Amino acid sequence: MLAQLLVSSLTAGAVYALIALGFVLLHNGTGVVHFGYGDQVTFGAYLVLIAQNFVGVPFSAAIMMALLASMALGAAIYAVFMVPLRNASLLARLIATLAIGTALREWLRAFMGPNAWPFPFLLSPAPVEVGGLMLVPANLAIIGVVLVILAGLYLFFEKTLQGKAILAACENRTGASLIGVRVSRVFLVIWVVASLLATVAGILVAPLLTLSPDMGLIAIKGFTAAVLGGFSSLPGAVVGGLLLGVLEALTGAYISTALKDMISYAILIAVILVRPQGLFGGLALKKV
Amino acid sequence: MTGKTLLFAVTGIGLFFALPHMLADFQLFQVCLIAVTALIALGLTVVTGLAGQVSLAQAAFVGIGGYGAAILATRWGVPLWAGIPLSGIVAAMAGFVLGQVTLRVSGHYLALATMAVTAIVQLAFIHMDDITGGAAGMPVPSFEIGGRALTSGGELYYVIVPTTAVLFLIVGNIIRSRFGRAFAATRQSEIAVAAMGVDVLRYKALAFAGSAFLGAVGGGLLAPLASYLDPMQFGIPQSIYYMAIAVVGGLRSPAGAIIGAVVFILIPEFLQAFQSYLGLVFALLLLGFIVLWPNGLSGLIFRRPGARWWGGAAR
């Protein structure tokens, strides 16, 4: 019972981890905390439906179109909103990302309707029994994708010159441009990649959750995962996500289902209060 | 009292008594809705516009005000005129505690923490079925004063509009006092202000307490006006909606809260044929203003440098 519970909870945890990876990538790469990221996840899943139902292409081609469209969306968000706001206060940028998310969500509500849409699984949702545990291929795929993305991003940032240039550009914009890093292009690439990740997450997550315009509100759990992991650590985001999934499932099973949702918000507040650097992040000192 | 303020006061009071004779009941209902919304947005003017602390907990305070007053009335028979300020005080204490949180965090962590507060409060409304009516919501008892039940917008007008006006005057005066200057200085440089001997933490916590009180009183007055409490009205999207009102109106001045409320309550009237696009219009308004005119409409209207409290750029 407990083993089965843990295996199932890992799926939810992987979903949070996937969203947290996007947050951390954007935060590390551009210094922006994107409060509309969850809505971009939802939007990505809807893009597939739009391509399928309104353009009339088959499912696989629709996924390709959605991925391309989301890259364009990421570039547009950067060029239209983030460039004019690059010197704005944190408050203005924070409200702007909230507004971008709300605009995407309300656009979906206006044009795709407020009701849920069915979304097909990429892999079989039928459980397979392995050693007494019921495993669902579609759910395992999410965990696999999370690990692949984590490995890819981690190697890129730690082992390549490009990745280090990005970290440098984020740390000190002026310094990075002095040594020849094209900061604006670096930020553009990060926005494109993060938007692509959002759509990948949306396509994987939509069949598990209910795909309605409000699906993006789950992003606050992705935030919790990212905060738990330290907000600047990619492996931390994944561990934070999985940990949150397990904690939620345990609370739901052994304490009360009503507390299941509350626990992640409580964890968010508690971590921010007690250990704002997260479980893995280093303590950042603010210099005067 | 200078001649100008006297003129304003006389016009205001005259208008207050003239409006019920000029407007239909539904229009008075809208005036009430604008007043209540402005009051809630005024809370954000205080905490975000003045003290510079982002708060996405406003919908939670509005909910605490509404549910608090309604529960006090149905369970313990406390009349709404007493229950609303009482819930306001409880919310202010909660806000004060929340303000203490800002000792350690600011910026996006504060936004996240206040978001989480809203989510927790909303879940509490949904799961405490026996006192809040759960996901189905609860009806609000009518506002009784001196044995007379005020039910329509035209009757509640005489309670809501004066209350709002008094609270706006109080906040306007606080802004021009020592407190207001300390808030503004905190926003510009916390370190400099602390070096001047201002207890930054206490001021931040007070700003949160004030915004919570205004939000809860607004919520308490909104409850009898709407006559029904639905927990879905107190979630994170609603917090963003109040933020949009404050930003579009202008975060820097109390006038901005009123302008924003007028715009957001009257737009649905002009877009009646496009109800499903309302949310999109509001979101695009917020996005457009934060990028192009971060000082909001009041910043565009009162573009006088050094004018009382609405000077300065929001960036």
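Because the structure is a prediction, the values reported are computed rather than measured. Residue numbers start from 1 in every chain, and the chains themselves are labelled A, B, ... in the order their sequence lines are given, proteins ahead of strands.
Residues A:Gly230 and B:Tyr109 share a closest heavy-atom pair of O-OH, 4.4 Å. Across every non-hydrogen atom of A:Asn115 and A:Pro213, the tightest pair is O-CD, 4.3 Å.
Among B:Gly52, B:Ala244, B:Ala116, the residue with the largest count of heavy-atom pairs under 4.5 Å with chain A is B:Ala116. With chain B as the partner, the residue from A:Leu104, A:Leu268, A:Ile95 showing the most heavy-atom pairs under 4.5 Å is A:Ile95. Among B:Leu278, B:Ile120, B:Val54, B:Leu284, the residue making the largest number of heavy-atom pairs under 4.5 Å with chain A is B:Ile120. Counting heavy-atom pairs under 4.5 Å between each of B:Ala111, B:Gly279, B:Gly288 and chain A puts B:Gly279 at the top. Interface check for chain B: of the options A:Gly101, A:Pro114, A:Ala99, the most heavy-atom pairs under 4.5 Å are formed by A:Ala99. Between chain A and the options B:Ala124, B:Gly235, B:Ala119, the largest number of non-hydrogen pairs under 4.5 Å is found for B:Ala119.
Contacts between B:Ile240 and chain A at a heavy-atom distance below 4.5 Å involve the side chain alone, from C-beta outward. When heavy atoms are compared at a cutoff of 4.5 Å, B:Met115 approaches chain A by way of both its backbone and its side chain. Looking at B:Val117, both its backbone and its side chain come within 4.5 Å of chain A, counting heavy atoms on both sides. Of the atoms belonging to A:Ile220, it is side-chain heavy atoms, and not backbone ones, that fall under 4.5 Å from chain B. B:Leu56 touches chain A through its side chain: at least one heavy atom from C-beta onward sits under 4.5 Å away, while N, CA, C and O do not. At a 4.5 Å heavy-atom cutoff, A:Arg93 makes no contact with chain B through either its backbone or its side chain. The contact between B:Ile236 and chain A is made entirely by side chain atoms (from C-beta outward), counting heavy-atom distances below 4.5 Å.
The environment of B:Phe270 atom CZ is sparse: at most 12 non-hydrogen atoms of other residues, nucleotides or ligands sit within 6.0 angstrom. For B:Met128, the CE atom sits in a loose shell: 12 or fewer heavy atoms of surrounding residues, nucleotides or ligands are nearer than 6.0 Å.
Between A:Phe187 and A:Trp191, the distance separating the two ring centers is not shorter than 6.0 angstrom. Taking the six-membered ring for Trp and the full ring otherwise, the centers of B:Phe61 and B:Phe234 sit at least 6.0 Å from each other. Ring centroids of A:Tyr37 and A:Phe223 are separated by 6.0 Å or more, keeping the two rings apart.
Between A:Phe231 and B:His108, the ring-plane angle classifies as tilted under the 30° and 60° cut-offs.
With hydrogens and angles left out, the side-chain atoms of A:Glu248 and A:Tyr16 include a donor and acceptor closer than 3.5 Å.
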